[in-house]
Q: 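Take a look at this one; I'll ask things after.
What you see is a predicted model, and the numbers here were worked out from it, not measured in a lab. Residue numbers start from 1 in every chain, and the chains themselves are labelled A, B, ... in the order their sequence lines are given, proteins ahead of strands.
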Protein chains: 2
Amino acid sequence: MELDERKLTILRAIIQNYLETGEPVGSRTISKYTDLNLSSATIRNEMSDLEEMGYIIQPHTSAGRIPTDKGYRLYVDMLMQDKQAEMDNLRIELNAKSEKLDSILKEAAKVIAVNTNYASMITAPRYRKHRIKFLQLTQVDPESLLTVIILDGNIVKNNLIHVEEDLTQETLLKLNLMLNTFLQGLDLQEINASVIQKIRTESGGYSSLISEILDVIATSMESEEVEAYTSGSTNIFKYPELNDSERASGLLNALEEKKQLTELMYQEGDSDRGIQVYIGDESPLEATKECSVVTATYHIEEGVYGKIGIIGPRRMDYEKVVGTLKRLMSELDQIFKKDKQ
Amino acid sequence: MELDERKLTILRAIIQNYLETGEPVGSRTISKYTDLNLSSATIRNEMSDLEEMGYIIQPHTSAGRIPTDKGYRLYVDMLMQDKQAEMDNLRIELNAKSEKLDSILKEAAKVIAVNTNYASMITAPRYRKHRIKFLQLTQVDPESLLTVIILDGNIVKNNLIHVEEDLTQETLLKLNLMLNTFLQGLDLQEINASVIQKIRTESGGYSSLISEILDVIATSMESEEVEAYTSGSTNIFKYPELNDSERASGLLNALEEKKQLTELMYQEGDSDRGIQVYIGDESPLEATKECSVVTATYHIEEGVYGKIGIIGPRRMDYEKVVGTLKRLMSELDQIFKKDKQ
DNA sequence: TGTTAGCACTCATATTGTTTGAGTGCTAAT
DNA sequence: ATTAGCACTCAAACAATATGAGTGCTAACA
């Protein structure tokens, strides 16, 4: 059987109607909804065909039709081809007060959630390989030493170390110089035994201190727990089909744990395939089998990127979601570009 | 009417039974449950009295009784008097891998949530008045300057500032020295116009840089958004009485926003009254009117403390909750003490 | 005087049956 | 190829009924 123009029109009409109402849509509705001027009976025949082809389904014998995942998929693919979703009058404004990355991200997650009425999650950029850009030890008070580690992309990490021995200003300077000399530009793998050995001999003593510093560096760099922020998790209560306590609980749990979702978003790794849509069962995550997940990638610099995800019901307003995401991306890009120059 | 020993026993039995089952408890149940060896009829009489006194209530004419807030209050107060909740065999173990404050707190929230099966929230310690302990500017690369600000209690804040002018190592040293001289030990209020004026004249030029630095300092210090972490929000689905979507949504929202809850926890400010219990309407928060909130305070050093909160249904297992909190407190105390020495 | 047995009464909940209406599939006519 | 008409299905809404846990009250009892 062939999926001709008319069938497509009807399918689109069914889906759009279902997106709005969340109720199965019947033939009479479509007969009036579209400008095809066809009677409900004709529509019924077409619907019957569409069902046979697997794009729609009846939840029970005498109900209207609802789209299957396959139907949604077709619809979304058509949407995506539609050139760019015209930048409409969405007012997305990031109130990035401070320029701190984390507050920008939190704000971004919130903006998305508020604008779309779905749940959102955003991850901090993940670096392929962290490299040390700069290192500094500073004596804060007689007992504590502050270590500041700056990684590629200006990620700043700091830790306080307790020290017993009193270090002179001079020693510190020497240590700083030495550490930077040996470690600058290295990633975690490259800090191997031989490098460490060199540092040890070079430093002459302070062995326990050095160990502690290296420890701190290691944990700072390997911290592969990507930071992630969620917003609007309670939006899911707005959609009756997610509203039973079992599902809601599972979903909220996923949003709280973040880990699984992060994996999902990063699963196709480095690819910058722009916007990805997972409809229902297409998602590998148990918790989101009844949902759709839309993910997008934002870039900070070459090879440094983070992800945004939107989670909502299957019948999410894909057009709006994709539009909103695109807007936000360009907004983020601008912020980071400004940040760079 | 008098609240004699027997009435108390019966009340306690009612509450305990209700805590377990969540169902209204009838006279026959109590008659068998307690070792008072009284018939259900007698119990009925007593219950009638207890109801008149306002400790219990019938949800509808022919149902068993459930405790009122007043009843819970009495029960909780009795509990609290019971010396210390004997340190039972709760296995609370903080896997504080890193010694970073935030990961300790996240872990603590999780431990609480897992152990009690309620939702938990923990706030990072709030300082009465932040004072500057130490300041440092460092050139990271030709365009960016790292400012590290260490506040009382070793809170480290850092920011990157973009600079156009190229600063010599010397200038930086001078600026560092100067800033520390003028600002060390001050809180935000004390950094007034006259101090700023002095810094400006002393620095000779770099006016825009100085402004930027002062800005950064101000935002770092006033950031009165107390960090807060939640865990186990989805536990609330385990209690049918909170499980309708309206309530659940409100609660989860409160847990997501965190702000209101933080205010609740800090509302009696500095007082270290140990463990506080808000039962139902006693809480000023709309979202938690159907819940109980138990809060506790942990101390890092004199005047520096944070809060932990547990949110669950009215019929929460107060005994367990209080016990768990006490355990956790001592655990935290130890960690921070070790951290100090 | 406190306790108990007995009984009529209440009312939420569960069960069952009935009605309604949206929606379908099929067939015959256009 | 399209449409009108009709019988059929079934979820959802509603009503009527049964069930049973639990109460309050009274009268008997220790």
Q: Counting only heavy atoms from other residues, nucleotides and ligands, does the tally under 6.0 Å from NZ of K238(B) exceed 12?
A: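 It does: K238(B) NZ has more than 12 such atoms within range.
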Q: Please report, rounded to the nearest Å, how far the C1' atom of dC9(C) is from the CZ atom of R44(B).
A: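 My rounded result for the distance is 13 Å.
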Q: Is the closest basic N to carboxylate O distance between E241(B) and R314(B) below 4.0 Å?
A: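 Result for this pair is no, no salt bridge flagged.
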Q: Whole-Å distance between dG22(D) C1' and N45(B) CG?
A: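 About 14 Å, once rounded to whole Å.
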Q: Among dA4(D), dT23(D), dT24(C), find the nucleotide with the atom closest to the side chain of M47(B).
A: dT23(D)
Q: Look at atom CG of L285(B) and say whether more than 12 heavy atoms of other residues, nucleotides or ligands are closer to it than 6.0 Å.
A: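 Check passes, neighbour count above 12.
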Q: Could you tell me whether D4(A) atom CG has more than 12 heavy atoms of other residues or ligands within 6.0 Å of it?
A: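 More than 12 within 6.0 Å, yes.
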Q: Provide, to the nearest angstrom, the distance between the CD1 atom belonging to I43(B) and the C1' atom belonging to dT3(C).
A: 11 Å
Q: Does R73(B) come within less than 4.0 Å of E282(B), counting only side-chain N to carboxylate O?
A: yes
Q: Quick one: NZ on K307(B) to CD on Q276(B), what's the gap to the nearest 0.5 Å?
A: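 It comes to 7.5 Å.
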Q: Would you jot down, in residue-number order, the residues of residues 4-38 of chain B having a non-hydrogen atom under 4.0 Å from DNA chain C?
A: R6(B), N37(B), L38(B)
Q: Which of residues 52-68 of chain B sit near DNA chain D, with a heavy atom under 4.0 Å from it?
A: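 Only Q58(B), S62(B), A63(B), G64(B), R65(B) qualify.
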Q: Looking only at side chains, do T288(A) and S283(A) share a donor and an acceptor under 3.5 Å apart?
A: yes
Q: What distance do L328(A) atom CG and I122(A) atom CD1 have between them, rounded to the nearest 0.5 Å?
A: 6.5 Å
